[in-house]
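Start at 1 and go down the list; that is how both ligands and their atoms are numbered. Note: hydrogens, waters and symmetry copies are ignored here, and every other heavy atom, side chains too, is used.
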Amino acid sequence: MGARSWACVPTLMVATALLLFSFSWSPNLVLTTTTTKMVSTPFLTTLLAVLSPHKHNRVYANEFTSSPPVYPSPPSRGLGWEWAFTQASYFVANLTLEEKAQIVTGTPGPCVGNIGAIPRLGFDGICMQDGPLGIRLATYASAFPAGLTAAASWDRGLIFARGDYLGDEFRRKGSHVLLGPVVGPLGRIAYAGRNWEGFSPDPYLTGEAAAQTIMGIQRNGVQASLKHFIANEQETQRLPTTSRNGTTIESLSSNIDDRTMHELYLWPFANGVRVGVSSIMCSYNRINSSYGCQNSKNLNGLLKTELGFQGYVVSDWGATHAGVDAVNAGLDMDMPGSIGWNANISMFGGNLTRAVINGSLPISRIDDMVQRVMTPYFFLRQQHYPPIDGRSPLLNNGNLPPWRHRFNLGPPDIDVRDGHADLIRELGSAGTVLLKNHNNTLPLHAPRTIGVFGNDAGDLVDGVYFSGGSYDQPYGYEYGTLPVGGGSGAARLPNLITPLEAIKLRAARDGTSVQYLLNNTLITESSLSISRPDGLTYIVPVPEVCLVFLKTYASEGVDRHDLEADWNSNSVVNTVAAYCNNTVVVTHSAGINDMPWANNPNVTAILAAHLPGEQSGNSIVDILYGNVNPSGKLPYTIALNATDYDFARLTNSTRLQETEDPNAWQSDFSEGLLIDYRHFDYYNKSVRFEFGFGLSYTSFELSDLVVQNILPEREITALPAAAPVGPGGNDNLWANLYLVNATVTNLGNVSGACVSQLYLGLPQIPGEQPTPINVLRGFEKTYLRRGESQTVQFWLKRRDLSYWNSTIQNWVIPAGEIIVRAGFSSRDIQMQSIISPIRGRPFAE
Ligand code: NOJ
């Protein structure tokens, strides 16, 4: 990748130097650094950003337009899975060439993805099922909170438990592979249709959440397939189309510079590889002009060489555009492979056997592909696996036998939910963020009347399974609450608890009257007039508290058209708030919403409840009534206006829709590292609710920040010492260098959980693109009784302190001062400290 020329930022550098000099800093041999008490928004952040130029004269000069070739595809060595690798190699040695091709090629069968059995070797085949929040095609299985909700909990323990229960359900349904979690999209574009399937536009939070999820899933002997690799940041034109004149118009190309690739989009994949993810699904889009499933730089280079990934790369469904070329570029398995029992239209299958026979593909590469598929299979002991739920083939598009292969089908409709509803309810509450709570409106204390408004409060009238959306129908169904999104990331709802029914049940205990109006059109058209002469009003008397439920649908295959919650929601809020001066707004949303009504004085409280899954009503009632003290934090920024997100826009236009140019669809990630809060902080833009923000029914204090170099006798080098690459890359990148301690105290009268957050401010790198002012590098959720204090600890790893230097192709700890900030959100910094791990020139270039 060519060198990028970013305009220098002299003012910023000088200001940084001056300001930082005014703080006392300590050499890396000193254990404790000076800490400074911060009041609220970091002064330094603001001042630096004010001084920074708001425009960069960036020169891209073709740097985005190609992806360098990286060959050959590195063979796996089973690192971390040694005994299973040996077992897999015996297995591979016993296979015929046809059987090898079979193991890397999907086939029709009972599941969403199927690898056929080889009975003579006791191999029952592999069943893959969607998706990230539950078994999409299943009966009697749970619908868990979405990834977005899990991220909003900032609770590693709950996120792990979610993965664990998901894994348990997949295993008992006989599915060997869970097609998730999702870390691509990361969430670069606020409008992207699948952001909710993943976690957060912050790569650190996403990486931690993905790692916990994978460990939870795989603990059950189920493979996780981390997806979609990589830069799958919008749905529009994710697949090639055909123009009016019959030209194939290629998928969108996500064009990314090397540093941004490493520090944002590749970062969470590294976490997944580090914890031993079995599989990675390559994406539909192109990256720097080369398709995701045949991009040798990304698959052979980044994934299999740099990150040392030992498992297999599976194509997204239909994302394979070549046979031998894709295999050589690093693709290991084609899905869904051949379609129909007689046809063999896969680019793999028979095409691979022919390629080996005619010498165009070395047998060693096929052996490695099979080895990569079978090593995690043996490692997770999948040769002894429950049968596939007998209902699966019927639900998989009626894909009934006879298939080419025999599958191990068991009885249908196995109930795998157990007590998982309790965790779903708990995580649904934990992922709900209290954004406003004027005059302690919440929690509710036995109000005499509650009014419930909005089409998100009540029951579904269009069924309990969300198949997807389309460009013309981006808002999904009109009536009924939104517990999950649509498409392959959805799950059939086994027993949905709606907000309205949970509120009614809870309210009955206090004798509260619950009146409701769920028709948004009626709400806005009637204006809820209480002064109609005929006295026929919808809601009488004006409720003590009005709960307005809004929803924002999103689905695979289509991006959102706007950031307003759906179904005329702004007007619904304004109408209710004009009538009721104690209006509480609850959003069930697949992502970011703008909230132009947030400062309306009659809107006294706001809760972002995300996508809570099947226990939706119970989760929100727990918060509304204070059974659970809210502790969720925003895993993204809520800006003042929708246009504030224009730094990364969807690529789409009438010109593109009508193009005859096969390569017309290009998306330059020209904002570089500055997405979400990194953008707003760098440009010092006011936001409505910042990343990491969330209120509680109590208040917390953070004190006694101590930053400790854990190996003070050893000099910290700018570059990691060379080490053999294992899963996750150079092992030294994962070494802890600093330990940060702080004390957190519950100052209020009720117990609750708080999320202490650690941010780092790395220096600007001369001649480089802007470095974000603040990046999340630690978080800890602590449950505290009233008055209680506890110590929180954050471990800073070498990777956390480094930036990616694309010239030397390595992670480098920059020379100079690094600001360590601890607080309760990205803009609520309570304490800070400065460290200088590297003195002088970092390395000889
Ligand atoms: C396409 C989706 O992009 C992917 O996430 C899913 O796993 C497959 N379809 C299989 O349904």
Side-chain angles (χ1 to χ4, degrees), residues 105-115 126-138 146-148 166 170 173 175-186 192-199 210 213-214 217 222-240 251-252 254 269 272 277-287 291-293 312-321 331 333-339 346 392-393 395-399 465-470 484-492 554-559 590:
T105 310
T107 187
C111 304
V112 164
N114 306 276
I115 294 297
I126 295 176
C127 161
M128 302 179 157
Q129 297 280 34
D130 288 312
L133 64 70
I135 314 175
R136 172 166 62 116
L137 300 176
L148 177 71
L166 277 165
F170 272 71
K173 285 287 191 184
S175 174
H176 304 80
V177 183
L178 183 159
L179 300 171
V182 171
V183 298
L186 183 65
R194 298 186 80 174
N195 290 350
W196 58 277
E197 293 188 45
F199 300 103
T213 307
I214 291 163
I217 293 168
V222 175
Q223 301 182 35
S225 184
L226 189 60
K227 65 190 189 182
H228 307 84
F229 192 74
I230 194 168
N232 191 165
E233 295 295 323
Q234 71 171 56
E235 293 301 283
T236 311
Q237 197 66 18
R238 67 175 185 161
L239 299 171
S251 296
L252 179 86
S254 295
F269 282 101
V277 73
S278 301
S279 163
I280 286 186
M281 186 190 294
C282 51
S283 59
Y284 285 129
N285 55 293
R286 294 180 294 158
I287 303 99
Y291 270 103
C293 291
Y312 60 99
V313 177
V314 56
S315 72
D316 198 344
W317 272 228
T320 307
H321 293 275
L331 179 63
M333 181 188 279
D334 175 43
M335 277 292 165
S338 53
I339 297 168
S346 169
S392 307
L395 296 169
N396 184 15
N397 304 321
N399 193 353
Y465 180 76
F466 310 147
S467 49
S470 68
V484 298
S488 68
R492 178 179 303 279
S555 171
E556 174 182 350
V558 56
D559 295 305

What are the atoms of ligand 1, with element, lying closer than 4.0 Å to any heavy atom of Val112?
10 (C), 11 (O)
I need the Asn195 CG to Glu233 CD distance, nearest 0.5 Å.
7.0 Å
Give the single entry among Glu556, His228, Met335 that approaches atom 5 (O) of ligand 1 most closely by any heavy atom.
His228
Closest to atom 7 (O) of ligand 1 among Leu137, Val177, Asp130 (heavy-atom distance):
Asp130
What's the separation between atom CG in Asn232 and atom CD1 in Ile287, rounded to the nearest 0.5 Å?
8.5 Å
Any chance you could lay out the side chain to side chain donor-acceptor pair (under 3.5 Å) test for Glu556 and Ser488, step after step, and finish with the verdict?
CA-CA 7 Å; Glu556 174 182 350; Ser488 68; 2.5 Å; yes
Min heavy-atom dist Arg238 to ligand 1 below 4.0 Å
yes
What do you reckon, does Trp317 have a nitrogen or oxygen under 3.5 Å from a nitrogen or oxygen of ligand 1?
no
When you compare the side chain of Ser315 with that of Tyr291, does any pair of heavy atoms fall below 4.5 Å?
no
Quick check on contacts: which atoms of ligand 1 are under 4.0 angstrom from a heavy atom of Lys227?
4 (C), 5 (O), 6 (C), 7 (O)
Out of curiosity, Cys293 SG to His228 NE2, how far, rounded to the nearest 0.5 Å?
10.0 Å
Check against salt bridge (Lys or Arg N to Asp or Glu O under 4.0 Å), Asp130 and Lys227:
CA-CA 11 Å; Asp130 288 312; Lys227 65 190 189 182; 3.7 Å; yes
Relative to the heavy atoms of Leu179, which atoms of ligand 1 are at a distance of less than 4.0 Å?
7 (O)
Pair Ile115, Met335 - check side-chain contact (heavy atoms from CB on, under 4.5 Å), show working.
CA-CA 9 Å; Ile115 294 297; Met335 277 292 165; 3.7 Å; yes
Side-chain donor/acceptor of Trp317 to backbone N/O of Val112, under 3.5 Å:
yes
Quick one: look up the protein heavy atom nearest atom 4 (C) of ligand 1 and list residue, atom name and how far away it is.
Asp316 OD1, 3.3 Å
Ligand 1 atoms nearer than 4.0 angstrom to some heavy atom of Arg194 are 2 (C), 3 (O), 4 (C), 5 (O)
Subset of ligand 1 atoms that lie under 4.0 Å from at least one heavy atom of Ser488:
2 (C), 4 (C), 5 (O), 6 (C), 11 (O)
Could you list which atoms of ligand 1 come closer than 4.0 Å to a heavy atom of Arg136?
11 (O)
For ligand 1, which atoms have a heavy atom of Tyr284 less than 4.0 angstrom away?
1 (C), 3 (O)
